[in-house]
Amino acid sequence: MSSLETKKSGRKLLLGAYIDFIRIRFLTMLAYRVNYYTGILIYSLNIGVNYFTWKAIYGEGGSAGAALGGFTLTQMTSYLAVSWMARAFYFNNLDREISTDIRDGSIAIQFIRPYNYVMVKMMQGLGEGMFRFMLFMIPGMTIAMLLFPVQLPTDPTAWTGFLVMLFFSFLINTQINVITGLSAFFVENNEGMMRMKRVIVDLFSGLIVPISLFPGWLSSILKLLPFQAITYLPGSVFTGQVKGVGIWNVLGIQIFWFLALLIPMVWLYHAARQRLFVQGG
Amino acid sequence: MTAIQVQDLRKTFKVQKNREGLKGAFADLFKREFQEVTAVKDISFNIPEGEICGYIGENGAGKSTTIKMLTGILVPTSGSLTVGGYVPYLEREKFVRNIGVVFGQRSQLWWDIGVIESFQLLRKVYRVSEQDFKKRLDELVERLELQELLNRPVRKLSLGQRMRCELVAALLHNPSILFLDEPTIGLDIVVKSEIREFLKDMNRQHGTTILLTTHDLQDIEALCSRVIMLDDGRIIYDGGLEDLKQRWGTGREVIFQFGKATKLQQLEHWTEGMPVSWSAENDLGAKVWIPLDLNVSDVLGRVVGQADITDIKIIETNTDDIVRSIYKSGSAEKPDESADGKDEEEVIHV
């Protein structure tokens with residue numbers, strides 16, 4: 001009985017430790033928050049550049065309500081703003097952190113602790129995400145709304161749907177980051193992979209151009225890949241492209257990818273344990 | 001009870017071979033060549049509970065690789081090992097809760113947060129109850145005098161302060177086995193001896209088994225009853241430090257300073273019939289080498305009455321010399337018994 005109880009309280013303590021990793025990362029980020037003021041500026045600039053580009057593309061028809069790939073100019077602007085601001089939340093550097101741990105050998109320290117390394121990393125990513133959500137995404141979105149004609153959804157289901165999906169965006173993007181980071185176990189230098197991953201995620205997730213505007217063959221391929229679940233699907237819910245039951249469907253796609261990506265991530269982690277080579281003796 | 005059991009343990013790494021030149025680099029793009037490097041070659045040893053064992057060897061001898069297998073970081077290529085009743089790499093998360101590890105070259109504290117916050121976090125990671133934690137922390141903080149450091153961020157600590165904090169971090173969960181990988185590297189003499197004292201106390205009070213690697217043989221002399229010496233992945237010596245000294249320390253050296261010029265021939269004449277050998281730098285100073293089975297006082301007796309001596313120094317072969325010569329020869333076998341004293345001396349003192 002008592003051993004069962006100690007086991008239970010032990011598990012609670014470990015959970016407490018995982019939550020501490022979120023908290024500590026949040027506080028560390030807060031200590032360096034000045035860095036983020038420039039971040040908000042850069043993201044607003046990105047939105048602005050994209051906004052004026054799209055405005056030029058829509059041309060005369062823009063104000064008349066013409067649609068491109070199912071988006072009117074107002075929807076496109078909202079999509080752009082919310083996609084960039086969502087990126088502020090789900091973006092993290094876990095891939096770089098993990099591969100640095102591996103390459104400089106500090107991964108050894110991680111393996112002498114009774115916790116799961118990948119889990120700890122994801123918690124740290126979440127702490128970072130929460131910081132960015134509160135001190136970056138919300139103020140950034142407010143600024144974007146003041147500068148550009150962004151239309152917020154009026155339907156509460158769009159809001160809840162979007163926020164739930166935003167969390168899954170974080171999970172999927174983080175899984176992809178962890179996988180990219182762990183690849184450092186297998187190749188001596190995964191710098192190229194990390195860069196490629198970054199470009200692929202930004203492009204194929206629909207951050208730069210919504211998926212529906214890609215040529216038919218490409219957009220049908222992209223719909224079979226996990227990247228659209230990071231930006232395009234939540235963005236579509238936010239701008240009202242996807243409504244009602246449709247929200248459940250796109251959420252289902254995200255959940256599917258979340259589960260599917262667990263497989264390579266866990267496999268890679270275990271394979272890595274077998275061939276771990278700690279650098280620096 | 002045996003704390004650590006190792007049987008025919010082997011670790012082989014596959015290392016990428018980089019071919020030379022532009023042509024080689026181009027060839028590497030398409031077909032990589034790998035080279036197998038065996039860092040640890042079928043070693044076996046047992047360490048009983050409560051023992052402090054020194055694990056020494058040259059750089060690259062395989063010490064760290066062994067420690068990393070024993071702590072569950074690396075998976076061995078072949079062989080078996082049990083540490084504290086667990087097979088480290090199989091049940092890593094359960095296993096590591098019973099061990100403490102300090103890597104002298106890497107910090108296990110979180111850089112950005114205060115020391116006490118790191119400890120609190122480790123408390124949760126290791127699932128230590130609040131009461132146990134408080135008791136243990138108070139004890140350690142008092143013993144290592146960390147009171148003023150607790151609220152500082154780790155990045156603002158000096159190396160000596162940090163190393164004491166690292167020890168606390170490794171011991172908060174009261175592990176029964178402690179692994180120390182070069183724990184005194186880069187520390188000043190005061191901190192070194194503090195840490196040695198602390199480790200000795202730990203071992204006495206809690207019966208903690210300690211395995212430590214080091215390049216500082218004073219660590220070994222101060223702490224270890226037993227030494228395992230590794231060379232090129234193989235154990236070349238396993239036994240007491242005293243045994244090692246006796247087997248290798250083949251004699252003593254006495255250095256004389258004379259008030260009046262004394263010729264070498266004169267000295268040799270006085271000790272005629274003794275298996276000693278003299279050497280002199282000038283007429284006012286000379287060295288004599290005396291084998292172990294001869295009493296130093298006998299030799300001194302013959303010289304003291306006759307010469308005008310201003311100073312005498314007796315030098316025992318120290319551990320550093322012994323170990324250096326073993327590293328050089330790559331074997332802990334005692335040099336050939338039949339060789340005469342003079343040759344032996346050269347082997348050891350060079």
Side-chain angles (χ1 to χ4, degrees), chain A residues 2 5-32 101-102 104-120 123-124 127 185-189 192 269-281, chain B residues 11 13-16 18 32 37 39 59-65 67-68 71-75 77 88-89 91-103 105-113 117-118 120-130 133 153 166 169-170 173 179 181-182:
Chain A
S2 77
E5 250 161 52
T6 28
K7 213 173 178 185
K8 237 185 192 171
S9 75
R11 217 174 276 151
K12 223 165 100 193
L13 275 174
L14 184 64
L15 192 70
Y18 283 139
I19 290 169
D20 265 11
F21 282 112
I22 305 179
R23 187 176 62 86
I24 289 170
R25 180 60 74 95
F26 187 93
L27 292 176
T28 316
M29 302 285 291
L30 204 60
Y32 297 108
D101 274 357
I102 294 169
D104 72 10
S106 43
I107 191 92
I109 292 289
Q110 303 296 329
F111 280 146
I112 58 164
R113 300 218 176 102
Y115 56 46
N116 183 299
Y117 173 63
V118 171
M119 192 72 176
V120 168
M123 290 296 166
Q124 289 178 334
F185 275 120
F186 301 89
V187 288
E188 250 170 46
N189 189 342
Y269 181 62
H270 284 281
R273 291 267 308 123
Q274 293 298 316
R275 53 171 293 149
L276 173 58
F277 185 154
V278 175
Q279 313 278 350
Chain B
K11 180 72 191 177
F13 293 114
K14 245 186 189 175
V15 180
Q16 248 174 45
N18 289 321
R32 298 240 59 149
V37 176
N59 289 326
K63 300 184 303 285
S64 287
T65 307
I67 291 266
K68 279 171 186 138
T71 49
I73 297 167
L74 293 177
V75 179
T77 309
Y89 61 95
E91 295 173 279
R92 188 186 66 80
E93 282 187 37
K94 258 196 218 161
F95 160 72
V96 293
R97 283 164 65 185
N98 292 317
I99 61 163
V101 188
V102 174
F103 290 113
Q105 316 225 46
R106 297 184 202 286
S107 179
Q108 62 169 317
L109 301 162
W110 285 271
W111 205 241
D112 289 311
I113 59 178
E117 275 186 274
S118 271
Q120 281 285 356
L121 185 52
L122 285 170
R123 173 183 88 80
K124 291 179 192 166
V125 167
Y126 283 97
R127 297 162 229 191
V128 179
S129 74
E130 191 76 61
F133 171 75
E166 298 278 348
H173 53 291
F179 294 92
D181 194 2
E182 300 183 30

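Proteins get letters first, then strands, A, B, ... in listed order; numbering begins at 1 in each. Just so it is clear, the structure is predicted and the values come from calculations on it, not from any experiment.
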How are the rings of Y117(A) and Y269(A) set relative to one another: parallel (under 30°), tilted (30 to 60°) or perpendicular (over 60°)?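 The arrangement is parallel - the two ring planes meet at less than 30°.
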
Distance check, rounded to the nearest 0.5 Å: [X] atom [atom1] versus [Y] atom [atom2]?
X       : Y       : atom1 : atom2 : result
D181(B) : R106(B) : CG    : CZ    : 9.0 Å
F21(A)  : K124(B) : CZ    : NZ    : 10.0 Å
Y18(A)  : Q124(A) : OH    : CD    : 11.5 Å
F185(A) : I102(A) : CZ    : CD1   : 4.0 Å

Where on [X] is there a heavy atom nearer than 4.5 Å to chain A: the side chain, the backbone, both, or neither?
X       : value
S107(B) : backbone
L122(B) : side chain
E117(B) : side chain
F103(B) : side chain

Who among D112(B), L121(B), I113(B) has the most heavy-atom pairs with chain A under 4.5 Å? L121(B)

Pairs of heavy atoms under 4.5 Å with chain A: top-ranked of N59(B), T77(B), V101(B):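 Sorted descending by pairs with chain A, the first entry is V101(B).
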
Quick one: does any side-chain atom of R97(B) pair with a main-chain N or O of R92(B) as donor and acceptor, under 3.5 Å? no

Per-residue contact mode, R25(A) against chain B (heavy atom under 4.5 angstrom):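 When you check distances to chain B, no heavy atom of R25(A) falls under 4.5 Å.
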
Less than 4.5 Å to any heavy atom of chain B: does that hold for the side chain of L14(A), its backbone, both, or neither?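 Interface part for L14(A): both.
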
